Amino acid sequence: METGLSSLLSISVDFENSHLFFPTIVSWIMAVLFVIVLATKVAPFLVAVKKGERSLPILGEPMDAWRFFGTLALIAAYFYLMAVVGNLFPYTGYGFLIVSIVFVLLMSLMYMHKWTKKSLIIVATNAVVAPSLVWLILAKLFAITLP
């Protein structure tokens, strides 16, 4: 009787595939949620567009090319420079910290419509404080290796 009970309470873990367990679950949950969103939001919207009750928000509106292409360029530069600066200070996370401060500052300045002294101080403070807190939490508190 004990062998039957101990076999019920024992666990065997396949360590070669165990790291795929939660990502698989999350992927399936996200796929189901995506289908629900398509069915409940996108399909009725497209039916209303076809009837002429609504219009597609992308068509006919002016594009802010400066912000669009600026965002793409900043994101590409962010990932490239994070590795470059990270190689200057290996295993410290300074690449993440320095490049993130500059990235947040430039993105905020690019999307700021009114440049006042107060808003510039807020943006500069946020650009320093937010990445610094993330860096402290990830690199120092949780000892996660950052570029």
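Computed from a predicted structure; not experimentally measured.
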query: For Leu105, which fellow cluster members are found when Ile, Leu, Val, Met, Phe, Trp and Tyr are connected by side-chain heavy-atom distances below 4.5 angstrom, either directly or through intermediates?
result: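 When side chains under 4.5 Å apart are linked, the cluster holding Leu105 also contains Leu109, Met112, Trp115, Leu120, Val123.
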field: Connected-component partners of Tyr91 among ILVMFWY, side-chain separation under 4.5 Å
entry: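 None; Tyr91 is a cluster of one.
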In Å, rounded to the nearest 0.5 Å, how long is the span from [atom1] of [X] to [atom2] of [Y]?
| X | Y | atom1 | atom2 | answer |
| --- | --- | --- | --- | --- |
| Thr92 | Lys140 | OG1 | NZ | 7.5 Å |
| Leu38 | Leu33 | CG | CG | 11.0 Å |
| Trp135 | Ile101 | CH2 | CD1 | 9.5 Å |
| Ile144 | Leu138 | CD1 | CG | 5.0 Å |
| Thr116 | Ile121 | OG1 | CD1 | 8.5 Å |
| Met82 | Asn87 | CE | CG | 12.0 Å |

Mind checking what makes side chain to side chain donor-acceptor pair (under 3.5 Å) contact with [X], not counting sequence neighbours?
| X | result |
| --- | --- |
| Thr125 | none |
| Ser108 | none |
| Thr71 | Tyr111 |
| Asn126 | none |

Using the rule that Ile, Leu, Val, Met, Phe, Trp and Tyr join whenever any side-chain heavy atoms are under 4.5 Å apart, tell me whether [X] and [Y] fall into a single cluster.
| X | Y | answer |
| --- | --- | --- |
| Met107 | Phe79 | yes |
| Phe34 | Met30 | no |
| Trp28 | Phe22 | no |
| Val84 | Val102 | yes |
| Ile29 | Val37 | no |

[X] side chain near [Y] side chain, heavy-atom distance below 4.5 Å:
| X | Y | answer |
| --- | --- | --- |
| Val134 | Phe96 | yes |
| Ile75 | Phe103 | yes |
| Tyr78 | Ser100 | yes |

- prompt: Is Tyr80 atom OH crowded by more than 12 heavy atoms from other residues, nucleotides or ligands, each under 6.0 Å away?
  reply: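 Count not over threshold, so no.
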query: Can you tell me if CZ on Arg67 sees more than 12 non-hydrogen neighbours from other groups inside 6.0 Å?
result: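 Enclosed: over 12 neighbouring heavy atoms sit under 6.0 Å from CZ of Arg67.
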Minimal non-hydrogen separation, Val104 against Pro131, with atom names: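 That would be CG2-CG, 4.1 Å.
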